[in-house]
J.: 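Attaching a single structure in structure tokens format; questions to follow.
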Amino acid sequence: MKKSLCIVCAAVLCLCLSVTIFGWSNTPLLVDDADLLTESEESSLLSTLEDISEYHKMDIVVVTTNSLGAKTAQDYADDWYDYNGYADDGVLLLVCMGTREWHISTSGYGITAVTDAGIDYIEDCFLDDLSQGYYYDSFMTFAGLCDDYIEQARNGEPYDVSNLPKVPFSFGKSLLVALAIGFVLALVITEYMRNELKTVKNQIAATEYVKNGSMNITHSTDLYLYRHVSRRLRPKQTSSGGSRTHTSSSGRSHGGRGGRF
Amino acid sequence: MAVLQEYKCPCCGGAIAFDSTLQKMKCPYCDTEFEMETLASYDEELKNQTDEDMSWETLAGAKWQEGEADDLNSYICNSCGGEIITDKTTAATSCPFCGNPVVMMGQLSGTLKPDYVIPFKLDKKAAKAAYNRHVSGKKLLPKVFKDQNHIDEIKGVYVPFWLFDADANANIRYRATRVRLWSDSNYDYTETSYYSVSRGGSIGFERVPVDGSAKMADDLMESIEPYNFSEAVDFQTAYLAGYLADKYDVDSDQSIKRANERIKNSTERAFASTVRGYSSVIPEHSGISLKNSSAKYALYPVWILNTTWQGKSYTFAMNGQTGKLVGNLPLDKTAYTKWLLGLTAALGIAAFAVTYLLWLF
């Protein structure tokens, strides 16, 4: 009797725990197999993911791993999403340390909200942090952007090719670039001013002393020798927007893409 | 040694000089003006007359130690009897005692006689004005240099120039390319066609000037070019009265190298400009032969202004015909740094504002 009470207590405790750790669909929204985050970072990121997921009734998942096994990053991400009982709508970020690849897989409404152009933008925002090892920052950026994207999509028009959020104005970088431009321009101007002081120079030619009409061309040939043609692949036309989708091993449709870091 | 020529006013006996404004000889004492043409014949007579005075030139020369006077000439002023010491090349100057303009005939006769002279058109005042314009509006010139604006010396000098005529025969081969761009749905294509282009022919140059005075810096003299030769006249010593003049001390054989260099460059440019319609033209082989037909000797008018500042001397030269004034000026390093930093800050902030505005909209 006592034993069974213990089991019941343990089960209740487990349930309570699982409710706090597991998100909307009761599957872990953060799986840090590659152990990139500290405990406190983990709990902070997890609570962010849970808040967003709860609010939008979608699953925003971050998965890190050391190895993809025999799968590609896309298959690994899609399968992870499909076979772990997440909600129908969601976005998953996979980071594999073994191959240094990342992949974002979208499902259901996630495909609508996080378009290909949107993923390009996410990449711009989080890739620097990711490759420099600021994993927590890059994951938080990802989560924050997903939140924005879904919010925007629910309000009517998802972020897409012609409708992207602004890249945050980077004050320091812009100032440095502006000062560099200023310095180069200032150098040109002061060099001009310095040249004004120097007026003594040798003449190079004697053009003023050419006898009028004395130039007489007696022989003039333009002989064609050979030609050389080089070709370069044209940059692909920017997509017309939306998300390209593919079908994963479970038969579900996914969007998204990945890259290296 | 040679003799002096002074131009005396037939009216009052005062020493007369060439007036650049009137383009005539003018007596500063009685304001009588004389046509240059009249003086041309008068000149001849005076030359004959002075020949008779050859006897008293030994009087001065004898007193010099051996070797001491090798680079110097001495003359006796016809007006005041003062002894004028000049260096070997001086052909016209003024007497240091009475200020009368004198011309050394011996420096300008025989093979030394110039063929042409371009008379001064601008006077000392114009030279000063040009100098003031030259130093104004230059922000990196030390302010003190402008404020202590004192010119040590302004002198009008007839500088000897060699004028070379030449015909150039050129045969130049170029490697030229033409680039065509097009694209289809998958690729951008760049087609580069290579051509061997050759041009042959001739071009003539006339009166390319080379400074024949070792005293005058070549780059300074080339900087005040060009002179308008159509205003040149046959040489008459009377034009020199009132100015300084030098005879050449760099002969035409030495000077011709410089002229040929410039002629060669000009020829290459002229022929290169006939190769049109290509994206790039690179000369592969250039064969230019020059036939120098003649070298003439001329005196060109130059105003020389000298000034010293912080122990360094600065020389300015003004074309006495066109008024073009050149001369290197000192750089204010502090001002340079201030401008560089100030402009960097101002332009940097402007660029920053533009980036920010572009980001906003």
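All values below were derived from every heavy atom in this structure, side-chain atoms included, with hydrogens, water molecules and symmetry-related copies excluded. By convention in this document, chain letters (A, B, ...) are assigned in the order of the sequence lines, proteins followed by strands, and residues within each chain are numbered from 1.
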J.: Determine whether more than 12 heavy atoms belonging to other residues, nucleotides or ligands lie under 6.0 Å from atom NZ of B/Lys338.
T.: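 No, not enclosed.
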J.: Looking only at non-hydrogen atoms, find the nearest pair between B/Leu347 and A/Leu185 and report the distance.
T.: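 In this case the closest contact between B/Leu347 and A/Leu185 is CD1-CB, 3.5 Å.
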J.: Pick from A/Asp222, A/Val210, A/Asn212: which one has the most heavy-atom pairs with chain B under 4.5 Å?
T.: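 Looking at each option in turn, the highest pair count goes to A/Asp222.
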J.: Do you know which of B/Asn186, B/Val208, B/Leu220, B/Asn265 has the most heavy-atom pairs under 4.5 Å to chain A?
T.: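 Option with the top pair count is B/Asn186.
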J.: Rounded to the nearest 0.5 Å, what separation is found between the CD atom of A/Glu196 and the CG atom of B/Leu331?
T.: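 So the CD of A/Glu196 and the CG of B/Leu331 are separated by 12.0 Å.
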J.: For a side chain to side chain contact (heavy atoms under 4.5 Å, CB included) check, start with the C-alpha distance between A/Leu225 and B/Arg175, then their side-chain angles and the critical distance, and finish with the verdict.
T.: CA-CA 10 Å; A/Leu225 297 176; B/Arg175 170 62 60 99; 3.8 Å; yes
J.: Look up atom CZ in A/Arg227 and atom OG1 in B/Thr177, then write down how far apart they are to the nearest 0.5 Å.
T.: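 It is 13.0 Å, given to the nearest 0.5 Å.
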J.: Give a yes or no on whether A/Tyr55 atom OH has more than 12 heavy-atom contacts from other residues, nucleotides or ligands under 6.0 Å away.
T.: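 Atom OH in A/Tyr55 is not crowded, with 12 or fewer foreign heavy atoms closer than 6.0 Å.
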J.: How close do B/Ile203 and A/Met215 get, counting heavy atoms only, and between which atoms?
T.: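 What the structure gives for the nearest pair is CD1-SD, 3.8 Å.
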J.: Go through B/Ala351, B/Ser193, B/Ser196 and name the one with the most non-hydrogen pairs under 4.5 angstrom from chain A.
T.: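 If we count pairs closer than 4.5 Å to chain A, B/Ser196 comes out on top.
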J.: Using modelled atom types and a 3.5 Å cut-off, is there a donor and acceptor pairing between side-chain atoms of A/Thr199 and backbone atoms of B/Gly327?
T.: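 Between the backbone of B/Gly327 and the side chain of A/Thr199 there is a qualifying donor-acceptor contact (under 3.5 Å).
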J.: For the pair A/Ser174 and B/Tyr356, evaluate side chain to side chain contact (heavy atoms under 4.5 Å, CB included) and give the outcome as yes or no after the intermediate values.
T.: CA-CA 8 Å; A/Ser174 306; B/Tyr356 186 68; over 6 Å; no
J.: In terms of heavy-atom contacts, does OH of A/Tyr136 have more than 12 from other residues, nucleotides or ligands at under 6.0 Å?
T.: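 For A/Tyr136, atom OH is crowded (more than 12 foreign heavy atoms under 6.0 Å).
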J.: Does the ring centre of A/Tyr209 sit less than 6.0 Å away from the ring centre of B/Phe205?
T.: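 Between B/Phe205 and A/Tyr209, the centre distance exceeds or equals 6.0 Å.
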J.: Output the option from A/Tyr224, A/Tyr226, A/Phe183 having the highest count of non-hydrogen pairs under 4.5 Å with chain B.
T.: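 Ranked by heavy-atom pairs under 4.5 Å with chain B, first place is A/Tyr226.
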J.: What part of A/Ile217 gets within 4.5 angstrom of chain B, counting heavy atoms only: side chain, backbone, both, or neither?
T.: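 For A/Ile217, backbone and side chain are both near chain B.
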J.: Identify which part of B/Phe316 has an atom lying under 4.5 Å from any heavy atom of chain A, answering side chain, backbone, both or neither.
T.: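 Looking at B/Phe316, nothing touches chain A.
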J.: Where is the tightest heavy-atom contact between B/Arg262 and A/Ala205, given as atom of each residue plus distance?
T.: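 Shortest heavy-atom contact: NE-O, 3.0 Å.
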J.: Under 4.5 Å between any side-chain heavy atoms of B/Tyr336 and A/Met193, yes or no?
T.: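 SC-SC contact between B/Tyr336 and A/Met193 ruled out.
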J.: So do the side chains of B/Tyr187 and A/Leu233 get within less than 4.5 Å of each other, counting heavy atoms only?
T.: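 Answer yes - side chains close enough.
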J.: How about CD1 on A/Ile204, more than 12 heavy atoms from neighbouring residues, nucleotides or ligands closer than 6.0 Å, or not?
T.: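 It does not: A/Ile204 CD1 has 12 such atoms or fewer within range.
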J.: Looking at B/Arg180, B/His134, B/Glu225, B/Arg173, which makes the most heavy-atom pairs under 4.5 Å with chain A?
T.: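 Max contact count across the listed options: B/Glu225.
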J.: Find the distance between OG1 (A/Thr218) and CG (B/Asn169) and round it off to the nearest 0.5 Å.
T.: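 Result: 8.0 Å between the selected atoms.
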J.: Tell me whether the count of non-hydrogen atoms from other residues, nucleotides or ligands lying under 6.0 Å of NZ in B/Lys138 goes above 12.
T.: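 Yes, the 6.0 Å shell around NZ holds more than 12 heavy atoms from other groups.
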J.: For residues 145-155 of chain A, give me every residue with a non-hydrogen atom less than 4.5 Å from any non-hydrogen atom of chain B.
T.: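 No residue falls under the 4.5 Å cut-off.
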J.: What heavy-atom pair brings B/Asn171 and A/His219 nearest, and what distance separates the two atoms?
T.: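 B/Asn171 and A/His219 have their closest heavy atoms at OD1-CD2, 3.9 Å.
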J.: Side chains of B/Lys139 and A/Leu197: does their closest heavy-atom pair fall under 4.5 Å?
T.: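 No - every pair of side-chain heavy atoms lies 4.5 Å or more apart.
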J.: Answer whether the closest heavy-atom distance between the side chains of A/Arg232 and B/Thr190 falls below 4.5 Å.
T.: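 Side chain of A/Arg232 against side chain of B/Thr190, heavy atoms only: no contact under 4.5 Å found.
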J.: Tell me, side chain or backbone of B/Asp167 under 4.5 Å from chain A's heavy atoms, or both, or neither?
T.: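 Side chain only.
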J.: Look up atom CG in A/Leu187 and atom OG1 in B/Thr344, then write down how far apart they are to the nearest 0.5 Å.
T.: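 Separation between the atoms: 7.5 Å.
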J.: If you take all heavy atoms of A/Arg234 and B/Ser185, which pair is closest and at what distance?
T.: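 Reported closest heavy-atom pair: CD-O, 3.6 Å.
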J.: Side chain, backbone, both or neither: which part of B/Arg199 has an atom under 4.5 Å from a heavy atom of chain A?
T.: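 Contact with chain A is through both the backbone and side chain of B/Arg199.
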J.: Given the options B/Asp184, B/Leu325, B/Ile349, B/Asp332, which has more heavy-atom pairs under 4.5 Å with chain A than any of the others?
T.: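 Max contact count across the listed options: B/Asp184.
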J.: If you measure from CG on B/Asp219 to CD on A/Gln203, what distance do you get to the nearest 0.5 Å?
T.: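 If we round to the nearest 0.5 Å, B/Asp219:CG and A/Gln203:CD are 10.5 Å apart.
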J.: Go through B/Gly201, B/Gly200, B/Ala353 and name the one with the most non-hydrogen pairs under 4.5 angstrom from chain A.
T.: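 Of the options given, most contacts go to B/Gly200.
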J.: Starting from the C-alpha separation in whole Å, work towards a yes-or-no answer on side chain to side chain contact (heavy atoms under 4.5 Å, CB included) for B/Arg258 and A/Asn202.
T.: CA-CA 11 Å; B/Arg258 178 66 194 133; A/Asn202 279 108; 3.9 Å; yes
J.: If you count heavy-atom pairs under 4.5 Å with chain B, which of A/Thr221, A/Val229, A/Val177 comes out on top?
T.: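 Top option by heavy-atom pairs under 4.5 Å: A/Thr221.
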J.: Which of parallel (below 30°), tilted (30 to 60°) and perpendicular (above 60°) describes B/Phe352 and A/Phe171?
T.: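 B/Phe352 and A/Phe171: perpendicular rings.
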J.: Pick from B/Ala270, B/Ala176, B/Ala170: which one has the most heavy-atom pairs with chain A under 4.5 Å?
T.: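 Ranked by contacts with chain A, first place is B/Ala270.
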J.: Are there over 12 heavy-atom neighbours, none belonging to A/Lys211, within less than 6.0 Å of that residue's NZ?
T.: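 It does: A/Lys211 NZ has more than 12 such atoms within range.
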J.: Please answer whether the main-chain N or O of A/Thr207 pairs with a side-chain N or O of B/Ser266 as donor and acceptor at a distance below 3.5 Å.
T.: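 Between the backbone of A/Thr207 and the side chain of B/Ser266 there is a qualifying donor-acceptor contact (under 3.5 Å).
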